[in-house]
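Comments concern the structure below.
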Amino acid sequence: MKKKILYVGAILFIAIIVQLLFSSNAKAATRYNSEISYEENSDGTITVLATSKDVDSVTVPSQINGKTVTRIKSEGFKDCTKLEKITFPKTITEIGDSAFEGCTALSVIDIPEGISVIPEKCFMDCTSLKTVVIPYKVHTVEDYAFASCTGITDVYFNSKVDTLYASSFAWINMEDDSTFHVYKDTQPDFYARKKGTGIEILTPVESISISGRSSVSRDLSTKLTATVSPSNAFAQDVVWTSSDESIAEIWENGTVNAHREGKVTITAMSKDGYDLKETFVLNVTKGLNFGVSGKNVYREGGII
């Protein structure tokens, strides 16, 4: 009798725990708008969980309630057969398995540049996809990531991709007009030759030059321009970074916003995966203090 009571008690205890777990997960999922739901991660970032099956276009925000959106959950958009386009923020660093599997109407996909792995079955059965560009940070394309994407005509690889599975691009009509655009003697090059797809060899960036003003006054902005060589290099854009964003930050178009006095090193890096870099030292100065007295304009104590 005692054993039976203990057994029943254990079953009830487990049931209560399971219910609490499921109820806590349900509470964690919150609607952002009519399109997507999300949950907050333990580190304070946001994971997008799912979307409505009826939407044809989704824009994922970079922040929700002041918290950064960094992840798309596994199967989050699976079988959204009406979804034609999704726009990601640059803050996304991870996409889960099968996140877009079965999105048969999805024709445009700009894979976030922050991710390093395209996971298993991520875009499987996305039959309307035509052009795929693998971002410069990606090093792995897992099994069946683009399997049965029968509409694919062009795939552009960076040089950093070093892991491709036999089924990463299974059943994509390779015998027809599909072309893999690759850098010579890289893993994607060997992969394409083994698969028998069409091949185009991309030209890598050999050098980068940066032009623009070497100084700027605090609280003002200036524009830097990066020029890659040769001119027929595939990756014409660069990744801009600042060594100290509290002194000056730089936007993706080369615009520098100066915040306080000091020297900062601006770096431009190629997007072909070879990570070729060029640096530029920018001096942020105190600037000019203007005042007006009668008909005279004063600059730091001197009359202009």
Side-chain angles (χ1 to χ4, degrees), residues 88 90 92-93 109-118 130-141 145-146 152-164 168-169 177-216 221-245 247-257 263-283:
F88 296 103
K90 294 186 180 299
I92 295 293
T93 57
I109 184 72
D110 290 323
I111 301 173
E113 290 190 340
I115 71 170
S116 57
V117 175
I118 298 178
K130 296 186 181 302
T131 300
V132 174
V133 179
I134 309 298
Y136 70 97
K137 285 185 179 180
V138 171
H139 56 73
T140 299
V141 181
F146 294 94
I152 284 181
T153 58
D154 297 276
V155 184
Y156 293 84
F157 290 89
N158 69 63
S159 64
K160 193 174 289 183
V161 174
D162 57 16
T163 303
L164 286 160
S168 295
F169 290 87
D177 297 322
S178 295
T179 300
F180 280 13
H181 305 262
V182 301
Y183 291 97
K184 187 177 181 180
D185 296 334
T186 59
Q187 186 62 31
D189 182 12
F190 304 141
Y191 184 86
R193 295 180 192 281
K194 186 175 181 179
K195 282 286 186 181
T197 66
I199 297 175
E200 181 198 14
I201 299 299
L202 301 175
T203 301
V205 176
E206 295 178 2
S207 65
I208 302 173
S209 61
I210 302 175
S211 59
R213 295 177 54 186
S214 59
S215 65
V216 61
S221 63
T222 189
K223 182 75 177 289
L224 299 180
T225 301
T227 303
V228 303
S229 295
S231 59
N232 65 336
F234 173 68
Q236 290 291 317
D237 294 334
V238 299
V239 182
W240 292 103
T241 54
S242 168
S243 62
D244 191 338
E245 293 189 347
I247 296 176
E249 60 179 334
I250 187 163
W251 295 351
E252 63 180 28
N253 65 354
T255 298
V256 179
N257 292 319
K263 286 188 177 181
V264 65
T265 298
I266 302 296
T267 300
M269 185 182 74
S270 68
K271 281 190 176 181
D272 55 13
Y274 288 108
D275 297 346
L276 184 69
K277 298 177 182 179
E278 183 57 48
T279 58
F280 184 91
V281 177
L282 181 69
N283 186 33

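Keep in mind it's a predicted model, so treat the numbers as computed, not measured. FYI, side chains are in, hydrogens and waters are out, and symmetry mates aren't considered; it's all heavy atoms of this structure.
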Exercise. Using the side chain to side chain contact (heavy atoms under 4.5 Å, CB included) rule, take Thr225 and Ser211 through it: C-alpha gap first, then chi angles, then the decisive distance, then the call.
Key: CA-CA 5 Å; Thr225 301; Ser211 59; 3.7 Å; yes
Quiz prompt | Working for side chain to side chain contact (heavy atoms under 4.5 Å, CB included), residues Asn158 and Lys271 | solution = CA-CA 8 Å; Asn158 69 63; Lys271 281 190 176 181; over 6 Å; no
Practice problem: Check step by step if side chain to side chain contact (heavy atoms under 4.5 Å, CB included) holds for Ile266 and Leu224. | Solution: CA-CA 9 Å; Ile266 302 296; Leu224 299 180; 3.9 Å; yes
Practice problem: Test ring pair (Phe, Tyr, Trp, His ring centres under 6.0 Å) on Phe234 and Tyr183 and set out the steps. | Solution: CA-CA 10 Å; Phe234 173 68; Tyr183 291 97; 7.0 Å; no
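Residues Val216 and Leu282 meet the side-chain proximity criterion, which asks for heavy atoms closer than 4.5 Å. Two residues are said to be in side-chain contact when any heavy atoms from C-beta on lie closer than 4.5 Å; Val138 and Ile118 meet this criterion. Counting heavy atoms from C-beta outward, Phe169 and Leu164 have side chains that approach closer than 4.5 Å. With a 4.5 Å cut-off on side-chain heavy atoms, Leu202 and Val182 do not count as touching.
Summarising the geometry of Val238 relative to Ala268, their closest heavy-atom pair is CG2-CB, 4.0 Å, with the distance given to 0.1 Å. Summarising the geometry of Ala235 relative to Val228, their closest heavy-atom pair is O-CG2, 4.0 Å, with the distance given to 0.1 Å.
By the salt bridge (Lys or Arg N to Asp or Glu O under 4.0 Å) test, Glu252 is found to be paired with Lys90, residues two or more places apart in sequence or in another chain being considered. Listed by chain and residue number, Glu245, Trp251, Asn257, His259 satisfy the side chain to side chain contact (heavy atoms under 4.5 Å, CB included) test with Glu249 (two or more places apart in sequence, or in another chain). Residues satisfying the side chain to side chain contact (heavy atoms under 4.5 Å, CB included) criterion with Ser209, sequence neighbours excluded, are Thr227. Residues meeting the salt bridge (Lys or Arg N to Asp or Glu O under 4.0 Å) test with Asp275, sequence neighbours left out: Lys160. Remark: Arg193 pairs with Asp189, Ile199, Ile201 by the side chain to side chain contact (heavy atoms under 4.5 Å, CB included) rule, at least two apart or across chains. For the side chain to side chain contact (heavy atoms under 4.5 Å, CB included) test, no residue two or more places apart in sequence or in another chain qualifies with Asp110.
More than 12 heavy atoms of other shown residues, nucleotides or ligands fall within 6.0 angstrom of atom NZ in Lys223.
Residues Phe157 and Phe146 place their aromatic rings such that the two centres sit no closer than 6.0 Å. Checked against the 6.0 Å centroid criterion, the rings of Phe180 and Tyr156 do not qualify as a close aromatic pair.
One N or O on the side chain of Ser242 and one on the backbone of Ala248 form a donor-acceptor pair closer than 3.5 Å. Remark: side-chain polar atoms of Thr179 are not paired, donor with acceptor, to backbone N or O of Gly198 under 3.5 angstrom. A side-chain donor-acceptor contact under 3.5 Å links Ser270 to the backbone of Leu276. Here the side chain of Ser243 pairs a donor or acceptor atom with the backbone of Thr265 at under 3.5 angstrom. Ser168 places a side-chain N or O within 3.5 Å of a backbone atom of Val141 that can act as its donor or acceptor partner. One N or O on the side chain of Asp272 and one on the backbone of Val205 form a donor-acceptor pair closer than 3.5 Å.
Annotation: the span from Ile250 atom CD1 to Phe280 atom CZ amounts to 9.5 Å, rounded to 0.5 Å. Here the CE atom belonging to Met269 is positioned 14.0 Å from the OG1 atom belonging to Thr279, to the nearest 0.5 angstrom. Going from atom NZ of Lys137 over to atom OG1 of Thr93 covers 8.5 Å, rounded to the nearest 0.5 Å. The structure places NZ of Lys263 at 9.5 Å from OG of Ser214, a figure rounded to the nearest 0.5 Å. Distance check: Lys277 NZ to Ile208 CD1 gives 10.0 Å after rounding to the nearest 0.5 Å. Here OG1 of Thr163 is found 7.5 Å from CD of Gln187. Values are rounded to the nearest 0.5 Å.
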